[in-house]
Amino acid sequence: MIKGHLQGFNSTVHPLSGLANPENLPSTRMSTPTISTFITSVVLQPIIVAITSAVLSSLLSYEIAGRLDWRPITVCVTCDILAVAVDHLKDQEVAISARGAAVMKRFAPLFHLARIFLGLNVLLLVVAFWRSPPKMTLIAVAFAAPAFLWATPLHFSRIGTVVNRFVLANDEEGEVEYDSPKAPFIIKRVPGMKAIFDGIIRGCGIFFVVNSALQLSWQSTYNAPPWMIMETVIWSTVNRTCHCIMTDVRDYDEDVKTGVPTIPVLLGSALKTRMVLSVVQAAVMMAFLRNPFIVGSSSFAIALVWILGKDSPKVYFRLSLHSQTIFIVLYAVMLAFDLL
């Protein structure tokens, strides 16, 4: 039945131009989604992003305890998939529903499959939480919350109103003062917040999740040369932050026109942004010269800063996304074949 619906799909719709999740590589260019673009957006892109967390959490688990612990790795991967996929699914649902009931009906099997995909990830996440210490669950929730609330309007003024109602509920002479409606706070509208949150979540957050699951001190006695735990955390945080800023360089011209306060826009030019990114990556490389994998990753990232631009195909920016992953995998391969 689902196959019949998919084969009968002939309509196309325009998606939303802004994607809120920090793990996503947004583009303000409008495109025309089909079955393949829907699946790419809701399923494949979240998996591609989650691979970075899978590789980094695996490395940290090995650095800390000398083994791969499936629990924190599963938590990091499923949280990544859920945060990105839910955001993309909302965008697709809003855009497609705006085209009318007939188009929405044609996409119904895809939405059903997408929700099954999300449900399976939720199930894996729950199992991982169930088998993990409560401390790890709390830490994971704390670091994942900003990603899930990325584009959610937060009405802090309503909290004060609720408190006033509660306090003055039994006061006969008390009168509740109602504040005039205020614009809600949205995390993604804060200048530079996307890059900062992405760096903290994927750098520091993954470390704390892995460390709390293993219930070991970050100053582990296990030795995994040439890696050091704090070097890996700093490198990861900087790498993820710089990657997010790189995606904003791609959309610099359109962000200037629409007034989106990204870091490149705040700096005033894409050239200045490239220079800042190069200096930051070079500083990390010089600080950790003893580790050839960090040096290689930082050098690769600097090269991509100057090679990729607004006319580069979006898929090429996946190289920036995985500039860290590539060298961690290289380390794993060399370790497996006793080449270190």
Without hydrogens or angle criteria, can the side chains of [X] and [Y] be said to hold a donor-acceptor pair below 3.5 Å?
X    : Y    : value
W306 : S278 : yes
S53  : D80  : yes
N239 : S323 : yes

Any non-hydrogen side-chain atom of [X] less than 4.5 Å from a side-chain atom of [Y]?
X    : Y    : answer
H322 : V55  : no
C204 : V233 : yes
T273 : S269 : no
L113 : F117 : no

Exercise for the section: Under the salt bridge (Lys or Arg N to Asp or Glu O under 4.0 Å) rule, what do D253 and K310 come out as? Steps first, then yes or no, please. Expected result: CA-CA 8 Å; D253 291 339; K310 63 180 181 179; 2.9 Å; yes
What's the separation between atom [atom1] in [X] and atom [atom2] in [Y], rounded to the nearest 0.5 Å?
X    : Y    : atom1 : atom2 : value
K257 : E254 : NZ    : CD    : 6.5 Å
T325 : L330 : OG1   : CG    : 12.5 Å
L56  : I328 : CG    : CD1   : 5.0 Å
I294 : M286 : CD1   : CE    : 13.5 Å
R274 : I307 : CZ    : CD1   : 10.5 Å

Exercise for the section: Apply the test salt bridge (Lys or Arg N to Asp or Glu O under 4.0 Å) to residues R99 and E93: give CA-CA distance (whole Å), side-chain angles for both, the deciding distance (0.1 Å), then the verdict. Expected result: CA-CA 10 Å; R99 302 287 293 182; E93 188 170 13; over 6 Å; no
Exercise for the section: Answer yes if L118 and V126 sit in the same cluster of Ile, Leu, Val, Met, Phe, Trp and Tyr residues linked by side chain heavy atoms under 4.5 Å apart, and no otherwise. Expected result: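 Hydrophobic grouping puts L118 with V126.
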Practice task
Please say whether more than 12 non-hydrogen atoms of neighbouring residues, nucleotides or ligands are located less than 6.0 Å from CE in M275.
Solution key: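 Count not over threshold, so no.
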Exercise for the section: Please check if atom CZ in R131 has more than 12 non-hydrogen atoms from other residues, nucleotides or ligands closer than 6.0 Å. Expected result: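 Check fails, neighbour count at 12 or below.
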Practice task
Look at the aromatic rings of F143 and F208 and report parallel, tilted or perpendicular, splitting at 30° and 60°.
Solution key: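 Parallel.
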Exercise for the section: Look at the rings of W227 and F293 and say which category their plane angle falls in: under 30° parallel, 30 to 60° tilted, over 60° perpendicular. Expected result: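 Parallel, since the angle between the ring planes stays under 30°.
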Exercise for the section: Please report the closest heavy-atom contact between R240 and D198, naming both atoms and the distance. Expected result: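 Heavy-atom minimum between the residues: O-OD2, 3.8 Å.
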Practice task
Could you tell me which non-hydrogen atom of E231 sits nearest to which non-hydrogen atom of P226, and how far apart they are?
Solution key: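 It is OE1-O, 4.2 Å.
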Handout entry: Test side-chain contact (heavy atoms from CB on, under 4.5 Å) applied to T262 and D248, V249, T247, V256, the passing residue
Key =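 Passing option: D248.
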Problem - Evaluation steps, side chain to side chain donor-acceptor pair (under 3.5 Å), between Q324 and T52 - result: CA-CA 8 Å; Q324 184 182 51; T52 63; over 6 Å; no
Handout entry: Donor-acceptor pair, side chain of Y331 and main chain of L59, under 3.5 angstrom
Key =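 Not confirmed, Y331 side chain does not pair with L59 backbone.
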Problem - Lys/Arg N to Asp/Glu carboxylate O, D69 vs R67, below 4.0 Å - result: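 Judged by the 4.0 Å cut-off on N to carboxylate O distance, D69 and R67 do form a salt bridge.
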